Every structure is written in structure tokens, then in C-alpha cells.
Amino acid sequence: MNFLEERIVKDGVVKPGNVLKVDSFLNHQMDIHLMDEMGKEFKRRFADKNITKILTIEASGIAIAIAAARYFDVPVVFAKKSKSINLDGDVYVATVESFTHKNTNQVVVSKKFLSAEDHVLIIDDFLANGCALQGLISITESSGATVEGIGIAIEKGFQVGGKVIRNLGYHLESLAIVESMDDEKGTVQFREQE
Ligand code: 5GP
């Protein structure tokens with residue numbers, strides 16, 4: 001098991017409805033040393049890529065994106081969830097359905113912060129059905145920038161997102177891939193990775 005898998009086993013909580021709670025170390029209270037390890041590991045996995053920007057989505061992707069950005073030494077841009085229906089032409093927009101909140105948000109990125117010259121690494125905390133990622137990919141591609149890779153902390157391998165994104169040809173790296181989990185026993189099984 002790698003450092004993140006070990007931490008999930010130690011402190012993650014399996015909830016009914018295929019939800020893994022990691023709010024004691026990842027997306028409510030945050031362990032900054034764990035974040036830093038994750039940033040370092042993303043740099044190792046995408047070492048051959050010339051990244052100019054890291055893109056994530058608010059809120060829980062931001063901390064991980066920042067940890068990675070320190071190793072790539074590039075700015076972080078986060079897609080903002082927008083309530084406004086009357087968006088002006090200065091933003092790229094995508095519609096994202098939330099797995100955890102069961103609602104739909106428009107997310108926006110200002111055109112000032114993403115352009116055709118950019119080589120983007122997309123980062124997020126979870127990959128479930130892939131809606132959040134599809135939104136971030138769509139925003140990147142509307143700007144003309146290149147998606148160089150996608151880094152996820154925890155992929156839920158039993159949901160379709162990972163398969164869909166890999167089948168589209170993107171270089172997707174997940175630090176932990178949950179193969180199955182059992183909310184009654186509180187157990188989590190991971191997919192073997194090298
Ligand atoms: P997707 O768009 O891939 O269906 O879901 C990704 C988003 O849903 C992530 O950004 C994350 O915030 C949230 N999410 C999905 N599954 C889980 C889960 O099991 N636990 C937590 N804490 N968040 C999740």
C-alpha cells in the first residue's frame with residue numbers, strides 16, 4: 001500500500017451510498033504533510049510533462065492543486081461554481097453534476113487565466129462518475145490549451161469515471177484506486193498499481 005492508501009485505511013470512513021469520507025485529513029481538516037507527499041508524487045508521475053498551469057475545481061481540489069503546484073512551480077487556477085445565469089463573455093463555462101450533492105452547477109474560469117499556450121495538469125480530490133473532470137476538460141479545451149494529464153487523489157474504480165476518461169485517451173493518474181468498499185464492515189480494497 002502507498003502512503004495515501006495507508007491513510008485511507010487508517011482514517012477514511014465508508015458511508016452508505018458508496019461515499020468515502022476523508023474529511024479528517026483531505027477535504028475538511030487537512031494534513032499538510034500528506035498534501036505535500038501527494039504534490040511530490042504527482043510531480044514524479046508527470047515528470048516528463050511541461051506543465052504551465054494546474055487547473056482544479058472549488059473547493060476540495062484547491063489544496064491538493066496547490067501542493068502539486070509547488071513542485072511544478074506554476075500557478076493554480078480553480079473553476080468557480082457560479083450562481084449567475086447571465087454570464088458575460090469573459091469566462092469559459094461548463095455544467096457539472098455533483099455526485100455528493102446531487103445537484104448541477106455551472107463552473108466558470110476567466111478567459112484571463114487560461115489560453116491556447118497553456119499546458120494544463122488537471123487535479124481533483126475524487127473521481128467518481130467523471131462529471132467534474134469532464135467539465136474541467138471541456139473548459140481547458142474551449143481555451144485552446146492542451147490537457148497534458150489528470151491527477152486524482154482517490155479514484156472510485158467501481159464507478160465509470162476512470163474508464164471513460166482513460167478511453168478518451170487522457171493520461172490519468174490516481175494515487176489510490178478504490179476497487180470496492182463495504183460500509184457495514186468499514187473495509188476498503190484497492191486496485192494494485194506499480
Ligand atoms: P464525479 O464528478 O467524478 O462524479 O465526482 C467527483 C466529485 O464528487 C469530486 O470532486 C468530489 O468532490 C465528489 N465525490 C465523489 N465521490 C466522493 C466520495 O466518495 N467522497 C467524497 N468525499 N467526495 C466524493
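Keep in mind it's a predicted model, so treat the numbers as computed, not measured. All ligand and atom numbering here is 1-based and tracks the order in the structure.
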Taking NZ, NE, NH1 and NH2 as the nitrogens, is one of them in [X] or [Y] under 4.0 Å from a carboxylate oxygen of the other?
X	Y	result
Glu173	Arg45	yes
Lys112	Asp90	no
Glu6	Lys10	no
Lys53	Glu148	no

One pair to check against side chain to side chain contact (heavy atoms under 4.5 Å, CB included): Tyr92 and Thr140. What are the steps and the verdict? CA-CA 8 Å; Tyr92 303 112; Thr140 307; over 6 Å; no
Protein residues that have a heavy atom under 4.0 Å from any atom of ligand 1, sorted by chain and number: Asn18, Val19, Leu20, Asn27, Ser60, Phe99, Thr100, Asp124, Asp125, Phe126, Leu127, Ala128, Asn129, Gly130, Cys131, Ala132, Lys156
side-chain contact (heavy atoms from CB on, under 4.5 Å) with Ile66: which residues, sequence neighbours excluded? Ile62, Val76
